[in-house]
K.L.:
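I have a structure I would like to understand better, so I am pasting it below and will then ask my questions one at a time.
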Amino acid sequence: MKPSYYITTTLPYVNAEPHIGTALEFVQADVLARFHRLRGEDVVFNTGTDEHGLKIWKQAVLAGMDPKAYCDQFASKFHGLKETLALSYTHFIRTTDPHHVTAAQEFWKRCDANGDIYKARYVVKYCVGCELEKTESELVDGRCPIHPSLEIERRDEENYFFRWSKYQRALLTHYDAHPDFVMPKRRFHEIRTFVEDGLQDFSISRLTDKMPWGIPVPGDDAHVMYVWFDALVNYVSTLGWPSPGDFERFWPGVQIAGKDNLRQQSAMWQAMLASAGLPLSKQIFIHGFITADGQKMSKSLGNVVNPYDLVARYGTDAVRYFLLGGIPSSEDGDFSTAHFEELYTSKLVNGTGNLAARVTAMIEKFAGGAVPEMADDRFATPQFWKTYTDALDSYRFDETVRALERYVASMNQAIDVEAPFKKAKDGADVGPFMAQLAEALRHVGIALLPLVPATAEQILRQLSVDPGSVRIPEATAWGMLPAGHRVVKGDILFPRLPS
RNA sequence: CGCGGGAUAGAGCAGUUGGCAGCUCGCCAGGCCCAUAACCUGGAGGUCGCCGGUUCGAGUCCGGCUCCCGCAACCA
């Protein structure tokens, strides 16, 4: 049986337009999914939408819509990213899916059976003007910023709580036994310190008569689950849990999440798994945020970067390339049109795109459009693959891209040193060098497959290589391109931007 | 003493275990003419936020300080 690999994104809350940060997480996950498929693994790649909770319910009521119907319009918006960003996810779960609902209830029952759920009084701060609960962080000087003339009321209600505190020791033990549990390292230290400082049980239900849009708590119709509890369960419900099958085959899996999700994913969810008697996640990768022109993206500033707009303007692969190579993979990064266009022109138009045209054109001109007899590797190709693979295995997508850029640069350099266009005029044999270039371009094409799949396939087809037949590591050996393979100069890969 | 991040060439950034300060863009000067006016070579440009310490040697380690930015758990 093939090895299995499971990667999942967090589920974006459906009540928002997809923005470039969502796209970053999706693309990073997609690269891993594609890379592991190339390695011959059976891959489950999960994403979806988180659809319960107060905000959705409130907005649906305002729009005079049924909450589910309201979610439907948004869910399709996120689903549309699949084509726009060339995502290869295999599972798209919505937390309103019937199976997820029953799975979340089963999960609750297991935690309850383990003695980890109890009822307690829960004090909320409530703004009568908004008719909404408010958190401390939403208040300004203890007052609702929207209704500053009204006093915030304190309201008591009975809620269910999850015994998070009970798992402090278990979490720390697990962290210590798995020093790569959370990547990068500094996030791991951050969560470890947080757990070490002590955990407070958290509320996991809401009163149905105040907010009915949630999964009913098993055996108590007066409550629905707090959206966090329900949403986290998606990582296993999507695999069919509690049925064994795919769950046993693919869980535990790799999770990818933003820095705002560090606690929920690597401490809350892990304690929940332990409580339900399930294995903890395999690894969690935390990425940063993308700012726009140096500022945090927000609706009020009007600087939200929409991935659909970017793709419409620059193309899918250009956007993917920027997300992977244009910003630090695990730190905050900045988006600006100038930065994006600089990268596009210097690396895609002048770099990879031009190189592919250069090499294929030369082989047509100087080698009759066919690969000559193969010659030795002059590009340190094995070292390139090692850097490339190590970088991907440690979620350094930016380093992966840089390795590729260096490889491309070394090819341009070699062309200049070798000057085959001169030698050909002098009647010298440039065949061996043409073979080296064709072969090196094949490696570029393969390495691009997980990153910018459409471009990669175009390059490989120009070399008459079937992209579907590529397997790693077999295909990374030097000299796999057979002599006589037809080479055709194709269309321009990346058109120059209008100046 | 709430948690975390940042401060490196004009701009944007890399610098893994301490060992001659790098990359991209831009600028200047050459080369080449196969390629998407692309490519290659060389050059100018930095007291690596400030102060002190460890060391033969610190952007990198330790202590202190200044400034900027996120987050602060029941914001989904």
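All chains are named by letter (A, B, ...) in the order of the sequence lines, taking the proteins before the strands, and each is independently numbered beginning at 1.
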K.L.:
On RNA chain B, check which nucleotide each of A:Leu348 and A:Arg263 is closest to and give me the residue with the more 5' one.
P.N.:
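In this pair, the answer is A:Leu348.
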
K.L.:
Determine the stems involving RNA chain B; a stem requires 3 or more consecutive pairs of the Watson-Crick or G-U wobble kind, each with both distances below 3.5 Å, and the answer is none if no such run exists.
P.N.:
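The stems are B:2-7 with B:66-71, B:10-13 with B:22-25, B:27-31 with B:39-43, B:49-53 with B:61-65.
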
K.L.:
Using the six-membered base ring of B:A76, report whether A:Tyr226 stacks on it, requiring centroids under 5.5 Å and planes under 30° apart.
P.N.:
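One would not call A:Tyr226 stacked on the B:A76 base.
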
K.L.:
According to ring-ring contact (aromatic ring centres under 6.0 Å, His included), who are the partners of A:His100, at least two apart in sequence or on a separate chain?
P.N.:
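Here no residue qualifies.
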
K.L.:
Would you classify A:Leu493 as touching base, sugar-phosphate or nothing, given that sugar-phosphate means primed atoms plus P, OP1 and OP2, and contacts are heavy atoms under 4.0 Å?
P.N.:
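Touches a base.
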
K.L.:
Figure out the NZ/C1' separation between A:Lys58 and B:C75, and round it to whole Å.
P.N.:
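Atom-to-atom, A:Lys58 to B:C75, this comes out as 16 Å.
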
K.L.:
Can you name the ring-ring contact (aromatic ring centres under 6.0 Å, His included) partners of A:Trp213, sequence neighbours left out?
P.N.:
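Expected list: A:His52.
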
K.L.:
A:Asp260: what forms a side-chain hydrogen bond (donor to acceptor under 3.5 Å, both in side chains) with it, not counting sequence neighbours?
P.N.:
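By the side-chain hydrogen bond (donor to acceptor under 3.5 Å, both in side chains) rule, A:Asp260 matches no residue at all.
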
K.L.:
Within a radius of less than 6.0 Å around NZ of A:Lys68, do more than 12 heavy atoms belonging to other residues, nucleotides or ligands occur?
P.N.:
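Counting other residues, nucleotides and ligands, NZ of A:Lys68 exceeds 12 neighbours.
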
K.L.:
Could you check which of B:C74, B:A76, B:U36 has an atom nearest any side-chain atom of A:Val349?
P.N.:
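Nearest to the side chain of A:Val349 among the choices is B:U36.
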
K.L.:
Can you give one letter per nucleotide of nucleotides 29-35 of chain B, 5' to 3': B if a protein heavy atom sits under 4.0 Å from the base, S if only from the sugar-phosphate, - if neither?
P.N.:
--BSSBB

K.L.:
With sugar-phosphate meaning primed atoms plus P, OP1 and OP2, does A:Phe494 contact a base, only sugar-phosphate, or nothing at under 4.0 Å between heavy atoms?
P.N.:
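The residue A:Phe494 makes base contact.
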
K.L.:
Please list, chain by chain and in numerical order, all residues satisfying ring-ring contact (aromatic ring centres under 6.0 Å, His included) with A:His19, sequence neighbours excluded.
P.N.:
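Checked A:His19 against ring-ring contact (aromatic ring centres under 6.0 Å, His included); zero matches.
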
K.L.:
I need the CG-C1' distance between A:Asp334 and B:C13, as an integer number of Å.
P.N.:
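A:Asp334 atom CG is separated from B:C13 atom C1' by 11 Å.
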
K.L.:
For A:Arg94, which residues count as a salt bridge (Lys or Arg N to Asp or Glu O under 4.0 Å) partner, sequence neighbours excluded?
P.N.:
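For A:Arg94, the residues satisfying salt bridge (Lys or Arg N to Asp or Glu O under 4.0 Å) (neighbours in sequence not counted) are A:Glu51, A:Asp72.
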
K.L.:
Mind telling me whether A:Phe322 and A:Phe335 have parallel, tilted or perpendicular rings, with 30° and 60° as the class edges?
P.N.:
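Judged by the thresholds at 30° and 60°, the geometry between A:Phe335 and A:Phe322 is perpendicular.
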
K.L.:
Report the distance from atom CZ of A:Phe340 to atom P of B:C13, rounded to the nearest whole Å.
P.N.:
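Between P of B:C13 and CZ of A:Phe340: 17 Å.
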
K.L.:
How far does the P atom of B:G46 sit from the matching atom of B:G18, given to the nearest Å?
P.N.:
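It comes out at 29 Å once rounded to the nearest Å.
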
K.L.:
If you assign each of A:Glu190 and A:Gln200 to its closest nucleotide in RNA chain B, which residue comes earlier from the 5' end?
P.N.:
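Mapping each residue to its closest nucleotide by heavy atoms, the 5'-most match is A:Glu190.
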
K.L.:
Can you check the A:Lys210 NZ to B:C74 C1' distance for me, whole Å?
P.N.:
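Checked: the NZ to C1' distance equals 12 Å.
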
K.L.:
What pairs with A:Arg187 under salt bridge (Lys or Arg N to Asp or Glu O under 4.0 Å), at least two apart in sequence or on another chain?
P.N.:
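Residues passing salt bridge (Lys or Arg N to Asp or Glu O under 4.0 Å) with A:Arg187: A:Glu190.
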
K.L.:
Once ring-ring contact (aromatic ring centres under 6.0 Å, His included) is applied, do any residues pair with A:Phe74, and if so which ones, sequence neighbours excluded?
P.N.:
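For A:Phe74 the ring-ring contact (aromatic ring centres under 6.0 Å, His included) partners, ignoring immediate neighbours, are A:Tyr70.
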
K.L.:
List the residues meeting salt bridge (Lys or Arg N to Asp or Glu O under 4.0 Å) with A:Lys489, not counting sequence neighbours, and say none if there are none.
P.N.:
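With sequence neighbours excluded, A:Lys489 shows a salt bridge (Lys or Arg N to Asp or Glu O under 4.0 Å) to no residue whatsoever.
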
K.L.:
A:Asp197 has an atom CG; how far is it from atom C1' of B:C1, in whole Å?
P.N.:
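After rounding, the reported distance stands at 14 Å.
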
K.L.:
In whole angstrom, give the distance that lies between atom CG of A:Leu199 and atom P of B:C74.
P.N.:
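The answer, rounded to whole Å, is 13 Å.
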
K.L.:
For B:G6 and B:G59, measure between their C1' atoms and round to the nearest Å.
P.N.:
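Here B:G6 and B:G59 have their C1' atoms 14 Å from each other.
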
K.L.:
Quick check on A:Asp209: does its CG atom have over 12 non-hydrogen neighbours (other residues, nucleotides or ligands) under 6.0 Å away?
P.N.:
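For A:Asp209, atom CG is crowded (more than 12 foreign heavy atoms under 6.0 Å).
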
K.L.:
Starting at atom CD1 of A:Ile492, determine the distance to atom P of B:U36, rounded to an integer number of angstrom.
P.N.:
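Atom-to-atom, A:Ile492 to B:U36, this comes out as 6 Å.
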
K.L.:
Report which part of the nucleic acid A:Pro328 touches: base, sugar-phosphate, or nothing (heavy-atom distance under 4.0 Å, all strands).
P.N.:
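It contacts sugar-phosphate atoms only.
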
K.L.:
Distances under 3.5 Å only, N/O to N/O: pair up the protein atoms with those of nucleotides 23-28 of chain B.
P.N.:
{"unit_1": "B:U24", "atom_1": "O2'", "unit_2": "A:Glu342", "atom_2": "OE2", "d": "3.0"}
{"unit_1": "B:C25", "atom_1": "O4'", "unit_2": "A:Glu342", "atom_2": "OE2", "d": "3.1"}

K.L.:
Rounding to the closest angstrom, what is the interatomic distance between B:G22 and B:G15 at atom C1'?
P.N.:
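That atom pair is separated by 7 Å.
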
K.L.:
Considering residues at least two apart in sequence or located in another chain, which fulfil the salt bridge (Lys or Arg N to Asp or Glu O under 4.0 Å) criterion with A:Arg121?
P.N.:
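A:Arg121: salt bridge (Lys or Arg N to Asp or Glu O under 4.0 Å) contacts with A:Asp156.
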
K.L.:
State whether A:Gln413 places a side-chain N or O below 4.0 Å from either non-bridging phosphate oxygen (OP1 or OP2) of B:U41.
P.N.:
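Answer yes for this pair, as a side-chain N or O of A:Gln413 is under 4.0 Å from OP1 or OP2.
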
K.L.:
Within the structure shown, what part of the strands sits under 4.0 Å from A:Trp213 by heavy-atom distance: base, sugar-phosphate, or nothing?
P.N.:
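The answer is nothing, as A:Trp213 stays clear of every strand by at least 4.0 Å.
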
K.L.:
Take atom C1' in B:C27 and the same atom in B:G10, then report the distance between them in whole Å.
P.N.:
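Roughly 10 Å separates the two C1' atoms.
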
K.L.:
Distance to the ring centre below 6.0 angstrom and angle to the axis at most 45 degrees; does that hold for A:Lys259 and A:Phe289?
P.N.:
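Judged by the rule (NZ or CZ under 6.0 Å from the ring centre, within 45° of its axis), A:Lys259 counts as positioned above A:Phe289.
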
K.L.:
Determine the interatomic distance between C1' on B:A11 and the same-named atom on B:U17; round to the nearest Å.
P.N.:
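Taking atom C1' in both B:A11 and B:U17, they lie 32 Å apart.
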
K.L.:
Take atom C1' in B:G5 and the same atom in B:G19, then report the distance between them in whole Å.
P.N.:
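Taking atom C1' in both B:G5 and B:G19, they lie 28 Å apart.
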
K.L.:
Whole-Å distance between B:C71 P and A:Glu331 CD?
P.N.:
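My rounded result for the distance is 16 Å.
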
K.L.:
Roughly how far apart, to the nearest Å, are B:C28 and B:A38 at atom P?
P.N.:
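14 Å, rounded to whole Å.
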
K.L.:
Mind checking the P distance from B:A76 to B:C71? Whole angstroms is fine.
P.N.:
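Pairwise P distance, B:A76 against B:C71, rounds to 14 Å.
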
K.L.:
What about A:Tyr160 and A:His223, are their ring centers closer than 6.0 Å?
P.N.:
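Yes, close enough.
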
K.L.:
Base, sugar-phosphate alone, or nothing: which one does A:Gly198 contact when heavy atoms must sit under 4.0 Å apart?
P.N.:
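If one applies the 4.0 Å heavy-atom cut-off, A:Gly198 turns out to touch a base.
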
